[in-house]
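Lettering follows sequence order; numbering is per chain, from 1.
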Amino acid sequence: MQFEKIAQALKKKEGEQVRIRGWIHRKRSSGKIIFAVVRDSSGLMQIIVEKNKVDEEEFKAAKKALIESSLEVEGIIHEDERAPGGRELHVTSIRIVGFAEDFPITENQSVEFLLDNRHLWLRSQRLTNIMKLKAQTLRAIRAWFDANDFYEVTPSVITMNAAEGGATVFSFDYFGQEAYLSQTAQMYLEAFMPSLERVWSLTPSFRAEKSRTRKHLIEYSHLEAEEAWLHNEENMQVQEELVSHVCQHVAHECSEQLEALGRNPDDLRMIEPPFKRITYRKALELLQQKGFDLAWGDDFGTPHERALMEEEEKPVFITKFPAESKAFYMKLSPDDPRTVECSDMLAPEGYGEIIGGSEREEDINSMIERLKKDGANVKNYEWYFDLRRYGSVPHSGFGLGIERLVCWLGKIDHIRDATPFPRLLRRAYP
RNA sequence: GCCGUCGUAGCUUAGUGGUGGAGCACCCGGCUGUUAACCGGGCGGUCGCCGGUUCGAAUCCGGCCGACGGCGCCA
């Protein structure tokens, strides 16, 4: 007889015989009866092992098996109100595949202990739900790009470009030369423009900033896209369609996980284009009206983002930031050279910026001027300027933080839970 | 980088100057319907590290290490 997934076994009728395999999630026993909740990747099911219904050695082994022992069982489905989920398995034969030692994670856990035991905590219902949500998020993203004629490409994460405006990089010895871990694949994506036109990539990005917040990871999953012949308004349309598609997909495919995490799937079902656009100038006025002491050129911090999103249920774009606060490659606005053609997408509920995007500057001199202002070594960017020298076209792109998106979708309060092995300040183990 | 909180058994914690206590986990015994099962017993401590004050330090002082929360930076 074939093994079935627990989710399927739970749909069987009274009296049907099934075989399942998995891990002991919870266990209680009295002298002659053992109740265990068994877990597999599809769900949980209670099994009952009674002394006089199975082989004596099998019963002894079942008694000895601690939480997280792996097992295979065969038995009969019974409907019973007392069982979690309404159905349980009356075991006729049981085999312990791997006896577990004392499982270190018990009912009381501190954040520190759980992070030290992340490889084991990954088995928890909470992280399982989050990992399923993240997998479906990525599936939705891939499906959307496929359906919209984007090519997925694979840029390197080892680079000689110290890159992106001031953000700190990890450097290392590359056979005698200094090299860096990439903070963005953007410039490489731009190189695909004349051949593939619409490209996207999912790569790890690294930020060596000593950030201590619930929305920063040292290493994160960076989704980036770049489109030829697009201005920033159309770039924003791509972003809002992509994000809306993801919301619809996970609301449909992960409603169980979302609810377990405290997110009502209806919150995501109502996310549809278009998203509101507010210029930096307008946002500044709104914040000043709300009593914030801000002047032109000041960047928005967490309290400002929260204030701007207070009454919003859908994401919002903040556009046209002052040029001096943004990267050298963002196109200066034709109608106002003090600003650039960029947009930040802010998620509702204080989750903050999930996407940063812009139209790319095509004027080499303007880029050189701005790079020099930042004290960058212009020579390193010669290859990038080549992209403008040989048939440049208007183009735009954006970068999305997968873990930040997942945090918002799943109502997760700390970004470390949106990634299996979080790299944080002073933590890269396990 | 800045501000704040904390470090006692495998885990969670009580203990503010006089021989460190509990709950959970684990082990032994009991129990044929448990839901964080229950009942009885047992095992388990360089009180983060180094130095100082004191007759005496988990407790007071100094330094170091580590963790967590928040801000800034960003996705």
Side-chain angles (χ1 to χ4, degrees), chain A residues 25-37 44 46-53 59 63-64 66-68 78 80-86 88 90 100-117 120-121 163-169 183-186 202-224 239 298-306 321 325-327 343-347 351-357 398-408 413-416 418-419 424-427 429:
Chain A
H25 187 67
R26 297 274 182 273
K27 190 183 147 189
R28 297 168 280 276
S29 73
S30 60
K32 289 166 185 159
I33 185 166
I34 300 165
F35 301 89
V37 177
L44 297 171
Q46 175 163 280
I47 66 167
I48 315 288
V49 188
E50 288 178 88
K51 194 169 186 176
N52 56 13
K53 301 250 174 85
F59 187 80
K63 219 142 190 208
K64 227 178 71 189
L66 302 182
I67 283 178
E68 291 304 325
H78 276 285
D80 193 312
E81 280 183 5
R82 293 168 295 188
E88 60 190 13
H90 282 235
E101 297 181 19
D102 300 359
F103 200 60
I105 299 176
T106 59
E107 69 189 70
N108 296 311
Q109 311 105 353
S110 62
V111 172
E112 179 185 354
F113 185 74
L114 292 177
L115 286 173
D116 286 343
N117 289 280
L120 301 177
W121 184 232
E164 196 140 313
T168 4
V169 290
Q183 302 186 314
T184 171
Q186 180 206 313
L202 180 63
T203 56
S205 273
F206 302 87
R207 302 285 162 98
E209 289 147 15
K210 298 198 169 173
S211 299
R212 278 208 78 81
T213 79
R214 56 177 67 187
K215 49 187 228 186
H216 288 86
L217 288 168
I218 302 299
E219 176 187 354
Y220 66 99
S221 304
H222 203 175
L223 174 85
E224 292 171 277
Q239 294 164 41
D298 290 342
D299 228 330
F300 300 151
T302 302
H304 311 118
E305 288 181 355
R306 287 213 179 100
F321 278 80
S325 66
K326 292 289 181 182
S343 50
D344 286 356
M345 187 195 288
L346 303 185
Y351 282 97
E353 184 181 352
I354 52 175
I355 295 183
F398 61 91
L400 179 156
I402 294 290
E403 286 80 9
R404 285 198 184 168
L405 174 62
V406 170
C407 276
W408 168 50
D413 61 4
H414 199 298
I415 197 162
R416 66 179 162 226
T419 199
L424 304 165
L425 199 56
R426 293 203 191 106
R427 180 182 290 278
Y429 175 93

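- Taking side-chain N and O atoms only, A:H414 has a distance below 4.0 Å to OP1 or OP2 of B:G69.
- Picking from B:A75, B:C68, B:G10 the nucleotide with the shortest atom distance to the side chain of A:Y220 gives B:A75.
- Between the side chain of A:E88 and the base of B:G33, a donor-acceptor pair under 3.5 Å is found.
- As rounded to the nearest Å, B:C43 and B:C3 have C1' atoms that lie 44 Å from one another.
- Side chains of A:Q109 and A:W121 form a contact here, defined as non-hydrogen atoms less than 4.5 Å apart.
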Problem set entry | Test log, rule side-chain contact (heavy atoms from CB on, under 4.5 Å), inputs A:I48 and A:H78 | CA-CA 10 Å; A:I48 315 288; A:H78 276 285; over 6 Å; no
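- Remark: B:G56 base-pairs with no nucleotide in the shown strands. Criterion, Watson-Crick or G-U wobble with two distances under 3.5 Å.
- No donor-acceptor pair under 3.5 Å is formed between the side chain of A:E68 and the backbone N or O of A:A100.
- Residue-nucleotide stacking is not present for A:F35 and B:G33, judged by a side-chain ring centre under 5.5 Å from the six-membered base ring centre and planes under 30° apart.
- Among the nucleotides B:C74, B:C11, B:C31, the one closest to the side chain of A:K63 is B:C31.
- Picking from B:C31, B:G33, B:A75 the nucleotide with the shortest atom distance to the side chain of A:R207 gives B:A75.
- Between A:K64 atom NZ and B:C26 atom C1' there is a gap of 14 Å when expressed in whole angstrom units.
- With both pairing distances under 3.5 Å, B:C27 is matched to B:G41 as a Watson-Crick or G-U wobble pair.
- Note: CD (A:E209) to C1' (B:G72) measures 10 Å, nearest angstrom.
- Judged by atom type and distance alone, A:R416 does not reach the base of B:C68 through any side-chain donor-acceptor pair under 3.5 Å.
- Considering only side-chain atoms of A:N52, the nucleotide from B:U32, B:A25, B:G72 that sits closest is B:U32.
- Taking the side chain as every heavy atom from C-beta outward, A:C407 and A:K215 never approach each other to under 4.5 Å.
- The P atoms of B:G72 and B:G15 are separated by 35 Å, rounded to the nearest whole Å.
- Across all strands shown, A:T302 has heavy atoms under 4.0 Å from sugar-phosphate atoms exclusively, and none from any base.
- Side chain A:S211 to base B:C74: no donor-acceptor pair is found below 3.5 Å.
- When distances are taken from the side chain of A:R427 to each of B:U12, B:A67, B:U32, the shortest belongs to B:A67.
- Across the C1' atoms, B:C28 and B:U46 are found 30 Å apart, a figure rounded to whole Å.
- In this structure, A:Q183 places its CD atom 11 Å from P of B:C74, rounding to the nearest Å.
- Listed for the A:Q183 side chain is a donor-acceptor partner under 3.5 Å among the backbone atoms of A:T168.
- Of the nucleotides present, none pairs with B:C73 by Watson-Crick or G-U wobble criteria with both distances under 3.5 Å.
- Considering only the side chain of A:T213, B:C73 comes nearest among B:C73, B:G33, B:C68.
- Counting any heavy atom pair closer than 4.0 Å across all strands shown, A:I67 reaches no nucleic acid atom.
- Here A:L217 lies in heavy-atom contact (under 4.0 Å) with a base.
- Distances from the side chain of A:L66 to the nucleotides B:G72, B:C27, B:G33 place B:C27 closest.
- Remark: the separation of the P atoms in B:C47 and B:C55 is 23 Å, to the nearest Å.
- For B:C49, the paired nucleotide is B:G63, the pair qualifying as Watson-Crick or G-U wobble because both relevant distances are below 3.5 Å.
- Pair check for B:G4 finds B:C68; Watson-Crick or G-U wobble, both atom distances under 3.5 Å.
- Scanning atom types as modelled, no donor and acceptor separated by under 3.5 angstrom connect the side chain of A:Q109 and the base of B:U12.
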For this session: Might you work through the side-chain hydrogen bond (donor to acceptor under 3.5 Å, both in side chains) test for A:Y220 and A:R404, ending with a clear yes or no?
Result: CA-CA 9 Å; A:Y220 66 99; A:R404 285 198 184 168; over 6 Å; no
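- For A:R212, no side-chain nitrogen or oxygen approaches OP1 or OP2 of B:A67 to under 4.0 Å.
- Computed from coordinates, the A:H90 NE2 to B:U32 P distance equals 16 Å when rounded to whole Å.
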